There are 2 protein chains.
Amino acid sequence: MQPSGDLRTEHNSVRAMTSEQLSDRRAGILQLVIQDYIETATPVASRHVVEKYALPASPATIRHEMHALEQGGFLTHPHTSAGRVPSNRGYRHFVQSLMGHAELGLAEQASVRHQFFQAAPAVDEWVELAANVLARSLGLLVIVAPPHPERLRVRQLELISLNELLVLMIVVVQEARMIRQLMPLPQPIEVDELDDLATRLSWMLRGQSAPDVREAARQAIDAPDTHPVEHFVLDTLAQVLDRDAQRAGVPAIAGLGGMMAQPEFQQVPERSLELIELVDQHAAEDLIPSGVIEEVTIDGAMHVLIGDDHPTELLQDCSLVLAPYSSSTITPDSPEIPGYVGVIGPTRMNYPRNIAAARFYSQLLQEMIDAVYGVSR
Amino acid sequence: MQPSGDLRTEHNSVRAMTSEQLSDRRAGILQLVIQDYIETATPVASRHVVEKYALPASPATIRHEMHALEQGGFLTHPHTSAGRVPSNRGYRHFVQSLMGHAELGLAEQASVRHQFFQAAPAVDEWVELAANVLARSLGLLVIVAPPHPERLRVRQLELISLNELLVLMIVVVQEARMIRQLMPLPQPIEVDELDDLATRLSWMLRGQSAPDVREAARQAIDAPDTHPVEHFVLDTLAQVLDRDAQRAGVPAIAGLGGMMAQPEFQQVPERSLELIELVDQHAAEDLIPSGVIEEVTIDGAMHVLIGDDHPTELLQDCSLVLAPYSSSTITPDSPEIPGYVGVIGPTRMNYPRNIAAARFYSQLLQEMIDAVYGVSR
DNA sequence: CGTTAGCACTCTCGGTCGGAGAGTGCTAAG
DNA sequence: CTTAGCACTCTCCGACCGAGAGTGCTAACG
């Protein structure tokens with residue numbers, strides 16, 4: 001799956017706009033208003049926009065247009081005598097039609113790449129790094145998840161005796177992850193015997209996943225001449241494979257600080273508190289609705305959820321930019337749940353920049369993973 | 001080092017109190033005021049305390065005593081017509097002399113133990129778990145760090161060929177940690193040769209730490225008949241040992257949500273924001289002053305820092321309970337930096353409970369580590 | 001001399017009021 | 001269609017006020 005330039009927003013099937021196409025000027029004004037509001041976070045007044053952008057029209061005219069835009073549902077104003085604020089619909093139209101396609105600056109791209117090549121070459125590290133760097137650069141909440149296989153398949157098994165009754169099990173799986181597990185034995189075993197067992201199982205299990213291992217464990221129980229520890233090891237291995245398949249996909253979350261510094265969170269303590277609590281508990285599943293993850297798994301396209309698209313009440317006034325990516329190791333017999341780069345911020349977020357950034361980081365992560373894990377022999 | 005029941009607070013050498021010993025009644029009132037304030041977070045009035053605790057005296061009398069306590073520096077009041085609030089000195093006296101010795105309830109102890117035995121047996125997991133469970137139970141910020149050796153010593157080395165030019169290096173160190181490192185090779189090497197190299201180096205390096213490995217690398221360069229990859233492997237190994245010694249001690253932080261829910265943070269957005277930012281960046285070193293860590297490394301005793309003991313301005317109105325612990329694997333030739341369980345909350349924290357909890361968790365962690373890693377053969 | 005009732009005093013808190021400022025919507029003229 | 005003018009509305013902010021809460025002081029009492 002190649003991250004496509006294609007952009008999905010919810011509601012995009014609903015072409016409610018056909019009835020009232022926006023004139024060029026009107027669209028231009030909408031764009032200016034949205035850009036200005038994104039920048040200043042204050043309702044934008046007709047007069048302000050005229051002066052700031054040196055429009056060839058009077059405030060009254062602009063007011064007229066703004067009024068029309070409000071009728072169309074693209075703008076609102078918080079009270080009679082305040083400037084205009086984009087509505088969710090306004091943002092949606094902005095993202096779909098008004099805003100151009102942006103890329104991250106080359107200097108920034110280079111600097112980010114540099115940091116990634118400095119880091120230790122492990123997916124977890126990259127994911128963590130991506131979340132931190134991106135969060136810092138955007139000042140928003142960033143959630144980055146690694147792609148992970150649905151099932152892990154054994155590649156190599158090592159058993160290291162720590163003492164008579166304690167063994168360290170190391171499993172290298174096909175997907176180049178590594179799992180370690182301390183294993184207290186039910187009965188002692190000789191070091192030599194343990195080594196033999198490890199090499200034998202390592203051969204036997206190559207390419208197998210949890211269900212296969214379970215099957216092997218069942219057979220080992222029936223076979224008369226096997227060491228009792230063998231069954232125990234197989235059993236533990238199966239458990240560990242399952243457990244780690246779960247754990248492989250845990251996302252990194254960063255940027256709570258920047259997020260809380262956004263003006264929309266300064267005044268609403270109880271909403272802030274909820275959000276802090278979610279992040280504190282690493283509850284990524286509550287921050288990114290599972291429905292979108294499913295869609296993304298199927299179509300692999302970037303998604304932008306704006307405002308009340310969001311099912312969680314907590315994030316009513318927030319938007320989510322989600323850029324999925326997969327490793328190229330994906331094959332029919334080892335299906336994979338894609339990773340993603342998610343940016344969460346107030347609906348008043350810098351969409352062009354955030355979308356470009358999420359796309360760039362997701363592509364970079366994909367590249368990095370492919371470069372290192374892509375070709376296995 | 002056994003976590004001792006001994007309790008240190010800063011300033012405890014200063015016996016400024018000798019000049020004015022508190023009468024029994026006065027001390028009792030101080031205790032009531034502090035307990036009440038800890039419970040309610042509102043300034044406590046003379047009348048309130050009389051009614052709530054059915055004191056055999058009138059509000060006026062209590063007022064008199066409170067006045068005296070204020071003269072002595074144990075209480076303050078925020079403004080003329082508010083109840084009394086404990087001062088830092090008041091808290092300090094409370095912790096040192098007034099509050100009794102508390103233990104965690106047996107039911108809670110059992111439940112926590114249970115959770116620990118459920119978890120995967122790895123120090124990192126325990127540390128993470130301890131931070132989460134404790135934070136949730138106290139509703140405060142909790143920082144838990146694992147003890148970690150100053151130097152890592154090699155126990156076993158594995159080299160797993162992923163493809164022609166990419167090798168996964170796995171180092172098991174004496175301290176039962178495991179390090180993995182992906183290593184792009186400067187030139188290809190046969191799989192058999194790689195296996196040989198691994199077993200040979202594994203023997204050769206057993207018990208050695210980074211400086212020794214560096215030395216070995218230097219010798220390998222001079223020796224004429226060694227495969228050029230050998231030097232490269234040794235070099236990487238030395239780097240990795242150093243890097244991981246750093247990384248081994250990273251603390252887990254949890255409980256920001258509960259902390260921000262404390263009334264003292266509801267009204268002060270900019271202070272909250274700073275704190276959120278520190279936690280977001282995992283800046284444990286800014287939350288726990290390094291001076292205390294040093295002291296703790298030397299004397300191994302619990303410490304309680306109250307209010308302006310804290311050098312960081314940010315935590316002026318906070319207290320820190322710090323319970324250090326070490327693994328028993330510590331020997332003269334492998335010095336260890338102790339781990340700790342730290343609880344940070346407003347100075348108005350439940351000291352007896354928090355101290356008991358920190359002590360219990362630190363002892364539990366020590367037990368767990370000793371049970372699994374203590375005896376190595 | 002310690003204790004207590006009484007009372008004046010002080011300060012916060014919440015609500016109301018009013019003026020300044022900001023923007024809009026409407027209207028009528030260009 | 002555009003625009004100047006103007007009335008209207010709503011927020012924001014500071015001032016003000018009264019109620020309530022608690023203290024500190026004083027004087028009387030056992």
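Within every chain, numbering begins at 1; the chains are lettered A, B, ... in the order of the sequence lines, protein sequences first and strands thereafter. Quick caveat: nothing in here was measured; it's all calculated off a predicted structure. Side-chain atoms are counted along with the backbone in the values below, which use heavy atoms only and exclude waters and symmetry mates.
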If I take atom CD in residue B:Glu70 and atom P in nucleotide D:dG22, what distance separates them, rounded to the nearest angstrom?
15 Å

Is the distance from OP1 or OP2 of C:dT3 to the nearest side-chain N or O of B:Arg63 less than 4.0 Å?
no

Under 3.5 Å donor-acceptor pair, A:Thr80 side-chain atoms to D:dC10 base atoms
no

Which nucleotide, D:dA4, C:dT4, C:dT24, lies nearest any side-chain atom of A:Ala45?
C:dT24

Any side-chain N or O of A:Thr61 less than 4.0 Å from the OP1 or OP2 oxygen of D:dT3?
yes

Distance, rounded to the nearest Å, where A:Glu65 contributes CD and D:dT3 contributes C1':
13 Å

Can you check the B:Leu75 CG to D:dG22 C1' distance for me, whole Å?
15 Å

Between A:Arg353 and A:Ser137, does any side-chain donor sit less than 3.5 Å from a side-chain acceptor?
yes

For the CG atom of B:Leu55 and the CD atom of B:Glu65, what is their distance to the nearest 0.5 Å?
11.0 Å

Looking at A:Arg136, I want to see if its CZ is surrounded by more than 12 non-hydrogen atoms of other residues, nucleotides or ligands under 6.0 Å.
no

May I ask you to evaluate whether A:Arg47 reaches the phosphate of C:dG21, defined as a side-chain N or O under 4.0 Å from OP1 or OP2?
no

Measure from CE on B:Met66 to P on D:dT23 and round the result to the nearest Å.
6 Å

Would you mind reading off the distance between A:His77 atom NE2 and D:dT11 atom P, rounded to a whole angstrom?
11 Å

When we call it a touch if two heavy atoms are under 4.0 Å apart, what does B:His64 touch: a base, just sugar-phosphate, or nothing?
nothing

Considering heavy-atom distances to DNA chain C, does A:Ser46 or B:Pro59 have its closest nucleotide positioned more toward the 5' end?
B:Pro59

Send over the distance from A:Leu55 CG to D:dC1 P, rounded to a whole Å.
19 Å

Using whole Å, report how far NE2 of B:His48 lies from C1' of D:dA21.
13 Å

Other residues, nucleotides, ligands: >12 heavy atoms within 6.0 Å of B:His48 NE2
yes

Within less than 4.0 Å of OP1 or OP2 of D:dT2, is there a side-chain N or O belonging to A:Arg25?
yes

Would you work out how much the helix from C:dC1-D:dG30 to C:dG30-D:dC1 bends between its ends, with each end axis defined by five base pairs, to 10 degrees?
20°

Please tell me if A:His67 has a side-chain N or O lying less than 4.0 Å from either OP1 or OP2 of C:dG25.
yes

Sole residue of A:Ile355, A:Val304, A:Asn354 in side chain to side chain contact (heavy atoms under 4.5 Å, CB included) with A:Val343
A:Asn354

With sequence neighbours excluded, what pairs up with B:His77 under the side chain to side chain contact (heavy atoms under 4.5 Å, CB included) test?
B:Glu70, B:Arg84

Hey, does the side chain of A:Ser81 come within less than 4.0 Å of D:dT9's phosphate (OP1/OP2), counting only N and O?
no

Ion pair present between A:Asp317 and A:Arg348, side-chain N to carboxylate O less than 4.0 angstrom?
no

Please work out whether the ring planes of B:Tyr91 and B:Tyr351 are parallel, tilted or perpendicular, with thresholds of 30° and 60°.
tilted

Rounded off to whole Å, could you give me the NE2-to-P distance for the A:His79 and D:dC12 pair?
6 Å

